[in-house]
Amino acid sequence: MICGFVIVKILLDEQQLNEGVEKLARSINDSYGSRPLTIIGIMTGSVILLADLIRKLDMPMRVGVLQTASYHGTQRGTLTIDAEMMLDVTQRDVLLVDDIFDTGNTLTAVIERVRQLGPQSIQSAVLLRKTGQQQVTGQPDFVAFDIPDEFVVGYGLDYNDEYRNLSHIACLEPDDLAVSDRGM
Ligand code: IMP
Ligand code: MG
């Protein structure tokens with residue numbers, strides 16, 4: 001597939017993503033029933049998942065976001081968490097939503113931060129879990145897809161803040177990254 005000047009390989013197409021998010025929503029609906037939920041999307045990667053997922057959930061809900069950043073291109077850097085805009089989570093059942101569980105450090109740090117605010121419970125849902133990179137013992141409670149250890153973009157995930165708008169998930173390979181680094 002040609003995307004700008006970069007050739008990308010489709011890992012999950014639109015239909016597979018829709019089915020995966022349906023399945024994720026069914027598990028979350030089964031787990032919470034009609035209990036009111038406070039859903040916190042971890043920005044920016046979860047932006048499309050969040051929008052699709054909440055429309056498939058049945059319980060009463062409040063929806064908020066927090067911002068994290070850790071990547072520069074494909075290189076992991078220092079993790080920052082900005083929870084300034086987050087909803088009040090005290091005594092609430094909280095579901096954190098993120099795009100991908102890679103090393104697991106981001107979700108683990110966010111759970112720790114949110115826990116300090118005194119929620120009733122915290123669970124987490126991710127679209128993707130990358131195989132073989134985990135540096136933490138905890139796992140997300142709900143996972144739509146396990147994927148190989150590839151750098152992926154689309155459906156919210158970025159490379160240098162680009163490609164979030166693809167409606168599929170694609171792998172960026174070293175050659176693609178070299179082209180992309182020269183600009184689109
Ligand atoms: P972790 O802390 O290593 O689990 O990484 C989680 C964050 O890194 C995710 O929320 C993404 O924003 C980003 N990330 C990890 N792997 C990828 C990838 O393959 N493509 C794009 N972003 C990624
Ligand atoms: Mg992210």
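As the structure lists them, so they are numbered: ligands from 1, and atoms in each ligand from 1.
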Side-chain touch Thr131/Pro148, heavy atoms, less than 4.5 angstrom: no

Which ligand 1 atoms are under 4.0 Å away from a heavy-atom of Asp158? 21 (C)

Parallel, tilted or perpendicular: ring planes of Phe142 versus Tyr32, cut at 30 and 60 degrees: tilted

Does the side chain of Asp102 come under 3.5 Å of the side chain of Gln133 through a donor N or O and an acceptor N or O? no

Ligand 1 and Val152, any nitrogen or oxygen pair closer than 3.5 angstrom? yes

Do the side chains of Asn29 and Leu57 get nearer than 4.5 Å, heavy atoms only? yes

Quick one: look at Gln133 and ligand 1, take heavy-atom pairs under 4.0 Å, and tell me if it's side chain, backbone, both or neither. neither

Within the supplied structure, the quantity of interest is the number of heavy atoms (other residues, nucleotides, ligands) at a distance under 6.0 Å from Glu14 CD; does it exceed 12? no

Mark up the atoms of ligand 1 that fall under 4.0 Å of a heavy atom belonging to Lys130, in ascending order. 16 (N), 17 (C), 18 (C), 19 (O)

Identify, by atom number and element, the atoms of ligand 1 in contact range of Glu150, meaning under 4.0 Å from any of its heavy atoms. 19 (O)

Using a cut-off of 6.0 Å, state whether more than 12 heavy atoms not belonging to Lys56 lie near its atom NZ. yes

Just to be sure I read this right, does ligand 1 sit under 4.0 Å from the backbone of Leu79, its side chain, both, or neither, counting only heavy atoms? neither

Classify the contact between Leu157 and ligand 1 as side chain, backbone, both or neither, using a heavy-atom distance cut-off of under 4.0 Å. side chain

Contacting atoms of ligand 1, where contact means under 4.0 angstrom from a heavy atom of Thr106: 1 (P), 2 (O), 5 (O), 6 (C), 7 (C)

Using heavy-atom distances, let me know which of Ile100, Val136, Thr68 sits nearest atom 23 (C) of ligand 1. Ile100

Please confirm whether the backbone N or O of Leu117 pairs with a side-chain atom of Thr90, one donor and one acceptor, at under 3.5 Å? yes

One finds that the ligand 1 atoms under 4.0 Å from a non-hydrogen atom of Asp98 are 10 (O)

Test item, Asp99 contacting ligand 1 (heavy atom, 4.0 angstrom): yes

If you round to the nearest 0.5 Å, how far is CG of Asp99 from CD1 of Ile169? 8.0 Å

List every atom of ligand 1 that sits less than 4.0 Å from any heavy atom of Gly104, numbering the atoms from 1 in the order shown and giving each element. 1 (P), 3 (O), 4 (O)

